[in-house]
Protein chains: 2
Amino acid sequence: MEVRRRHTHQRQLVLDAVLARSDHPTAEDIFTDVRTKDAKISRGTVYRNLNLLEESGLISSVHVPGGNRFDWRTDDHSHVVCTSCGAIADAPLPSDNQLDSLASSHTGYKISSHSTVFYGLCPACQRDAVRNQDAHKHA
Amino acid sequence: MEVRRRHTHQRQLVLDAVLARSDHPTAEDIFTDVRTKDAKISRGTVYRNLNLLEESGLISSVHVPGGNRFDWRTDDHSHVVCTSCGAIADAPLPSDNQLDSLASSHTGYKISSHSTVFYGLCPACQRDAVRNQDAHKHA
DNA sequence: GTGTTTGCAAACTTTTTGCAAACAC
DNA sequence: GTGTTTGCAAAAAGTTTGCAAACAC
C-alpha cells in the first residue's frame, strides 16, 4: 500500500531546478533548465517528477490559463497573473483563514486546499500599454 | 477601433446553451449541446463564440485543471472543484472585497479580477472513497 | 457591397502514457 | 532480484487558426 519512492538523479535535478527559481516556471521552463545539467533527461521524466514532487508536498503548483506553473513555496499564499505576458508574482494571503470550512459547509465538498489567483497587468505591461496608447495618439 | 459584433444564429445558440446549464460545462459540453440544435455548427465556432461572449461579459469562465469551464453567472463568486470527478459547484464570495486593491498595492499589478477555487471531494466522491475503503477492509 | 462570421481541417500547446531497458534498494 | 524509474516516441486532450464560402448589416 505504501508507495516507496526512490531517490534518482533526475528527480533531484527537477527538485533543484524548481527550488532555484522564484518566477513560477512552467514545466517546459524546468525541462530547459534541467537539460543544461543532464542532456539526456526526457520531457516525460520532468513532467512525472514535477507531479510526484507536488504530491509529496515538496513543491506546489498554480493552475493558470496557458498551463500549470510551479512554485518552490508550499505555504498558503495567492498569486497575481499578468493577462498580457503571463508573468506571475506572489500575493498576500486573503485574511480570512476560515475560508475552507465556510466553502465546505456551504457546498458539502470536503475541501483540502484553495487557490486565489488575481488577473491583471504587470508593471512592465502597464508601461507597454501606455506606450502603445501614445503611439496611437501621435499617429 | 470599435469592434462591431454581429448577431448570428450560432452565437445565440452558444449563449443559450451556457445559460441553460448550471453545472459549469466545458467547451466540449457546450459543443455537444449546441449540436443537438444545429447539426452543422463547428467546434471552432463554439470556441470562438465562447471566448467572444466572455469578452463581452455575457458569460464568465473558471480555469481549473483539465481546462476552462463556463458559467452563466457573471457576478463575483468562487468555486469548489472535485479533484476526483471534476464536478464544480458555486461557493460564497470570500468576505474581504478589498482583496484586489490589497493585491495590487502589494505587487504593483493593475488587477482587474480574481478567482478563488477550492479543491476537494464532492459528496458523491466522498461516498465512493468510503466504499472503496470498506472493500479493502473486507478483502 | 463591405466586413464579419462560419465550417472545415490542419496545426498547435501542454501533458500523459506504453513499453523495454536501466536503475535503486 | 524486485519493483520503480527512465527515455523515447506516440498519442491524448484542449484549443487556436488559415482560408474560402456564407452571411449580417
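Letters go in sequence order (proteins before strands), and every chain restarts at 1.
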Trainee: Return the value, rounded to whole Å, for the distance between atom CD of A:Glu54 and atom P of C:dT15.
Mentor: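 So the two atoms are 11 Å apart, to the nearest Å.
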Trainee: Does any part of the side chain of A:Cys122, heavy atoms only, come nearer than 4.5 Å to the side chain of A:Cys85, both counted from C-beta?
Mentor: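 Heavy-atom side-chain distance check passes, below 4.5 Å.
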Trainee: Do A:His63 and B:His63 have ring centroids that are under 6.0 Å from one another?
Mentor: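 They do not qualify: ring centres at least 6.0 Å apart.
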Trainee: Would you say the side chain of B:Arg48 and the base of C:dG7 hold a donor-acceptor pair, judged only by whether the two atoms sit under 3.5 Å apart?
Mentor: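 A donor-acceptor contact between them is present.
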Trainee: Please compare A:Leu52 and A:Ala39 by the position of their nearest nucleotide in DNA chain D and report the one closer to 5'.
Mentor: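 Nearest nucleotide further toward 5': that of A:Leu52.
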Trainee: Could you check whether any side-chain N or O of A:Ser60 sits under 3.5 Å from a backbone N or O of A:Arg73, counting only pairs where one atom can act as donor and the other as acceptor?
Mentor: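 Checking the backbone N and O of A:Arg73 against the side chain of A:Ser60, a donor-acceptor pair under 3.5 Å is found.
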Trainee: Pairing check on D:dA11: which nucleotide meets the Watson-Crick or G-U wobble criteria with it, both distances under 3.5 Å?
Mentor: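 Base partner found: C:dT15.
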Trainee: Quick check for you: among C:dT6, D:dC8, D:dT6, whose closest atom lies nearest to any side-chain atom of A:Thr45?
Mentor: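 Closest nucleotide to the A:Thr45 side chain: D:dT6.
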Trainee: Which of the following nucleotides, C:dG7, C:dT6, D:dG7, is nearest to the side chain of A:Asp38?
Mentor: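 For A:Asp38, the side-chain atoms sit closest to D:dG7.
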Trainee: Identify whether any heavy atom of B:His9 sits under 4.0 Å from a base atom; if not, whether one sits that close to sugar-phosphate; answer base, sugar-phosphate or nothing.
Mentor: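 Nothing, no nucleic acid heavy atom in range.
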Trainee: Assess, by modelled atom type and distance only, whether the side chains of B:Asp16 and B:Gln12 contain a donor and an acceptor separated by less than 3.5 Å.
Mentor: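 B:Asp16 vs B:Gln12: donor-acceptor pair found between side chains.
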Trainee: With the side chain of A:Asn51 defined as its heavy atoms from C-beta on, choose the nearest nucleotide among C:dG7, C:dT16, D:dC8.
Mentor: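 Closest nucleotide among those given: C:dT16.
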Trainee: Let's see if you can work this out: which of D:dC25, D:dT6, D:dT15 has an atom nearest to the side-chain heavy atoms of B:His7?
Mentor: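 Nearest listed nucleotide: D:dC25.
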Trainee: What class does the angle between the rings of B:Phe118 and A:His114 fall in, given that below 30° is parallel, 30 to 60° is tilted and above 60° is perpendicular?
Mentor: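 B:Phe118 and A:His114: perpendicular rings.
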Trainee: Kindly assign one of parallel, tilted or perpendicular to the pair B:His79 and B:His24, based on the angle between their ring planes and the thresholds 30° and 60°.
Mentor: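 Ring orientation of B:His79 relative to B:His24: perpendicular.
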Trainee: Give the rounded distance in Å between these two atoms: CG of B:Leu50 and C1' of C:dT5.
Mentor: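 Atom-to-atom, B:Leu50 to C:dT5, this comes out as 15 Å.
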Trainee: Return the nucleotide paired to D:dT2: Watson-Crick means purine N1 to pyrimidine N3 with N6-O4 or O6-N4, wobble means G-U with N1-O2 and O6-N3, both under 3.5 Å.
Mentor: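 Partner of D:dT2: C:dA24.
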Trainee: Side chain of B:Thr8, heavy atoms from C-beta onward: which of D:dG7, C:dC8, C:dT5 has the nearest atom to it?
Mentor: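 Comparing D:dG7, C:dC8, C:dT5 against the side chain of B:Thr8, the answer is C:dT5.
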Trainee: In this structure, how many angstroms lie between the P atom of C:dT16 and the CZ atom of A:Phe31, rounded?
Mentor: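 My rounded result for the distance is 15 Å.
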Trainee: What is the separation between atom CD on B:Gln12 and atom C1' on C:dT5, rounded to the nearest whole Å?
Mentor: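 Taking atom C1' of C:dT5 as the reference, CD of B:Gln12 is at 15 Å.
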Trainee: Of the options C:dT15, D:dT6, C:dC8, whose atoms approach the side-chain atoms of B:Ser42 most closely?
Mentor: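 The nucleotide sitting nearest to the side chain is C:dC8.
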Trainee: From the set C:dT15, D:dT15, C:dG7, return the single nucleotide nearest to any side-chain atom of B:Asn68.
Mentor: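 When the side chain of B:Asn68 is considered, D:dT15 is the closest of C:dT15, D:dT15, C:dG7.
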Trainee: Pairing check on C:dC8: which nucleotide meets the Watson-Crick or G-U wobble criteria with it, both distances under 3.5 Å?
Mentor: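 The base-pairing partner of C:dC8, which may sit in any strand shown, is D:dG18.
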Trainee: Could you tell me how far apart A:Arg5 (CZ) and D:dT6 (C1') are, to the nearest whole angstrom?
Mentor: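 Interatomic distance, CZ of A:Arg5 to C1' of D:dT6: 15 Å.
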Trainee: Rounded off to whole Å, could you give me the OH-to-P distance for the A:Tyr47 and C:dT17 pair?
Mentor: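 To the nearest whole Å, that distance equals 13 Å.
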Trainee: To the nearest Å, give me how far apart CZ (B:Arg69) and P (D:dT15) are.
Mentor: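 That distance rounds to 11 Å.
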Trainee: Tell me what B:Arg43 touches on the nucleic acid: a base, only sugar-phosphate, or nothing, going by heavy atoms under 4.0 Å.
Mentor: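 Base contact.
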Trainee: Hey, is the side chain of A:Gln10 poking within less than 4.0 Å of OP1 or OP2 on D:dG7, counting only N and O atoms?
Mentor: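 Indeed, a polar side-chain atom of A:Gln10 lies that close.
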Trainee: Just how far, in rounded Å, is P of D:dT6 from CZ of A:Arg11?
Mentor: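 Distance, rounded to whole Å: 5 Å.
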